Amino acid sequence: MKLALYLPNFRDKVTVKELEDLTALAEDLDFDSVWTLDRIIVPEVSDRGEMQYPFGMIDGFPRGLPVSSRGEFLQGMPLIPWLAAKTSKVRIGMSIIDTPFRSPGVLAAELATIDHLSNGRLNVAVGSGWMPEEFAAASASHIFPKRHKHVRESIEIMQGIWTNDLFEYHGEFADFERSGFGAKPLQKPHPPMFFSGLKDPKRSASRIAKYGMAGWIGIQDSPEDIAKWRSEIQRELEALDTPRSVDDLEIMSMIWFVITDQAMDQTPMGKGTNLLAGSAAQITDMLKRYREAGMTMPLLWPPFQDVPVAKTLDDLKRLKEEIMPKVNAL
């Protein structure tokens, strides 16, 4: 099992130095990758729990975000080229890029440049977004009802630009004649792409199969959830008559992580369960269950509040040095 760090750039207060310290440690500990979070806004209605949908459109979550509308969070996209400059080994990306907030052609060209800046270490994870208030702030309200189609067109445009000297596209969200977009990515045929799906395994499997994507990313998934997604994605891959297998994919999930002195209540509470928040023994047991269920890499997500970065730095060291040898033991 590999490890990935989900940087806490989405917090009421976080400093560049804290993100730098976390990133440096992840590289020192030979983590596979470091990811940022894409969040354009926190609407003021979130502070009152009056958003149109709950967090991630996930049943059981509040209609408010865990960060204040007056929070001083940092944007995830500008951090990616910064990560390229700050690291030399670890892979980098944003989980996930909400494509409706970006022009597909511009996104493709900029990501190709970032692949050069990182010497070919870029991961590209895409999804549709879920918050109507955020679509409005990004001048993309008209896309919200068709956001899944926007993801599909964005994938096609990015891959087309990355793999052709000249490329044209005639769709609903982009319509341009044969053009060159500059340097191609260093990685061939293009950077590995990941799809974030939270509700629909059929759509996830269809995207993964049709576009040769490298894996799937979920959020706060239990081992049982991981096993279910794997089986459903495999069934869809077989139905699509593709030679690909779910065993060829990275199966990941963004999961809140903190090591506590005392054991935590592990009672299932849906997506709100303390999956990787607990004692070292609890986390060891849970990671073993994840490995058996087929997760290849957890995206370790420091809590939004009440856990200082200094604590997370210590937890990451303990995880790597004390817990993972037990998890990966045969």
Side-chain angles (χ1 to χ4, degrees), residues 2-40 67 71-98 101-102 106-126 158 162 182-187 190-194 196 214-215 217 250 252 254-258 297-305 307-321 324:
K2 296 180 285 188
L3 296 175
L5 173 63
Y6 204 19
L7 285 177
N9 60 286
F10 185 54
R11 276 189 171 181
D12 278 335
K13 182 67 175 179
V14 64
T15 67
V16 172
K17 180 63 165 59
E18 289 174 324
L19 299 181
E20 185 174 12
D21 289 345
L22 287 165
T23 299
L25 181 61
E27 181 148 279
D28 288 344
L29 295 177
D30 292 324
F31 273 43
D32 172 86
S33 46
V34 174
W35 305 72
T36 67
L37 182 146
D38 194 12
R39 180 92 291 132
I40 306 298
V67 172
E72 299 177 31
F73 54 94
L74 297 175
Q75 294 294 321
M77 184 64 81
L79 287 171
I80 303 179
W82 177 81
L83 286 170
K86 288 293 182 180
T87 59
S88 61
K89 300 182 299 181
V90 70
R91 297 191 63 81
I92 60 175
M94 183 159 72
S95 180
I96 49 83
I97 298 170
D98 291 321
F101 306 152
R102 282 102 188 172
V106 174
L107 180 62
E110 292 181 345
L111 291 177
T113 293
I114 295 172
D115 201 43
H116 281 265
L117 293 175
S118 66
N119 196 29
R121 293 183 287 119
L122 179 67
N123 291 337
V124 178
V126 296
M158 286 190 287
W162 290 339
K184 307 302 177 194
L186 284 182
Q187 299 179 87
H190 52 70
M193 300 189 74
F194 301 81
S196 179
I217 301 174
E250 293 280 15
M252 302 180 285
M254 302 170 278
I255 306 175
W256 301 315
F257 166 71
V258 61
M297 184 163 60
L299 272 65
L300 302 169
W301 192 350
F304 294 103
Q305 52 196 357
V307 178
V309 166
K311 164 65 172 165
T312 298
L313 292 168
D314 289 340
D315 287 352
L316 293 174
K317 293 174 187 176
R318 288 189 64 191
L319 175 70
K320 181 70 176 185
E321 297 167 1
M324 292 310 296

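Since the model is a prediction, treat every value here as computed from it, not as a measurement.
A donor-acceptor pair is defined here as one N or O able to donate and one able to accept, closer than 3.5 Å; such a pair exists between the side chain of Q75 and the backbone of I40. At least one donor-acceptor pair under 3.5 Å links the side chain of H116 to the backbone N or O of K184. Put simply, the side chain of K320 gets close to the backbone of L29: a donor and an acceptor are under 3.5 Å apart. For the pair Y6 (side chain) and P298 (backbone), a donor-acceptor distance under 3.5 Å is absent. A side-chain donor-acceptor contact under 3.5 Å links D115 to the backbone of Q187. Side chain of E110 to backbone of L107: no donor-acceptor contact under 3.5 angstrom is found. Checking side-chain atoms of S118 against main-chain N and O of A84 turns up no donor-acceptor pair under 3.5 Å. Although no hydrogens or angles enter the test, the distance criterion places no donor-acceptor pair under 3.5 Å between the side chain of N123 and the main chain of P192.
Side chains of R11 and V309 form a contact here, defined as non-hydrogen atoms less than 4.5 Å apart. Within the 4.5 Å cutoff, no side-chain heavy atoms of L122 are placed close to those of L117. With contacts defined as side-chain heavy-atom distances shorter than 4.5 Å, the pair L19/L83 does not qualify. Contact annotation: the side chain of N9 never approaches that of W35 to less than 4.5 Å [non-hydrogen atoms, C-beta and beyond]. Contact of the W301 side chain with the I255 side chain is not registered, since no non-hydrogen atoms from C-beta on lie closer than 4.5 Å. With a 4.5 Å cut-off on side-chain heavy atoms, W82 and V16 count as touching. For the pair F31/K2, no side-chain contact is recorded, criterion being any heavy-atom separation below 4.5 Å from C-beta on. Between M77 and I97, some side-chain heavy-atom pair lies under the 4.5 Å cut-off.
With salt bridges taken as basic N to acidic carboxylate O contacts below 4.0 Å, one links R102 and D38. Ion pair K17/D21 flagged as a salt bridge, since at least one NZ, NE, NH1 or NH2 atom sits closer than 4.0 Å to an Asp/Glu carboxylate oxygen.
The distance from the CG atom of L5 to the CD1 atom of I92 is 13.0 Å, given to the nearest 0.5 Å. For the atom pair OG1 of T312 and CG of L319, the computed distance is 11.5 Å after rounding to the nearest 0.5 Å. Atoms CG and CG, on L300 and L22 in that order, are 11.5 Å from each other to the nearest 0.5 Å. Distance CE/M193 to CG/L111: 8.5 Å, rounded to 0.5 Å. Between the OG1 atom in T15 and the CD atom in E18 there is a gap of 3.5 Å [rounded to 0.5 Å].
By the ring-ring contact (aromatic ring centres under 6.0 Å, His included) test, F101 is found to be paired with F135, residues two or more places apart in sequence or in another chain being considered.
Classification of the F304-W256 ring pair by plane angle, with boundaries at 30° and 60°, yields perpendicular.
Nearest approach of K89 to D30, heavy atoms of both residues: NZ-OD1, 3.1 Å. In terms of heavy atoms, K311 sits closest to V258 at CE-CG2, 3.9 Å. Shown here for M254 and S95, the closest heavy-atom pair between the two residues is SD-OG, 3.4 Å. Of all the heavy atoms in F10 and R39, the pair that sits closest is CE1-CG, 3.2 Å.
Enclosure of atom CG in D28 by more than 12 non-hydrogen atoms of other residues, nucleotides or ligands within 6.0 angstrom is indicated.
Pairs passing the salt bridge (charged side-chain N to carboxylate O under 4.0 Å, His left out) check and including a residue from residues 71-85, sequence neighbours excluded, read K13-E72.
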Between M297 and L3, is the side chain to side chain contact (heavy atoms under 4.5 Å, CB included) condition met? List the steps.
CA-CA 5 Å; M297 184 163 60; L3 296 175; 5.6 Å; no
Hey, mind stepping through I96 and F194 against side chain to side chain contact (heavy atoms under 4.5 Å, CB included) and telling me if it holds?
CA-CA 9 Å; I96 49 83; F194 301 81; over 6 Å; no
I would like to know whether L7 and L37 meet side chain to side chain contact (heavy atoms under 4.5 Å, CB included); could you show each step before the answer?
CA-CA 7 Å; L7 285 177; L37 182 146; over 6 Å; no
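Remark: the R121 side chain and the S33 side chain contain no N/O donor-acceptor pair separated by less than 3.5 Å.
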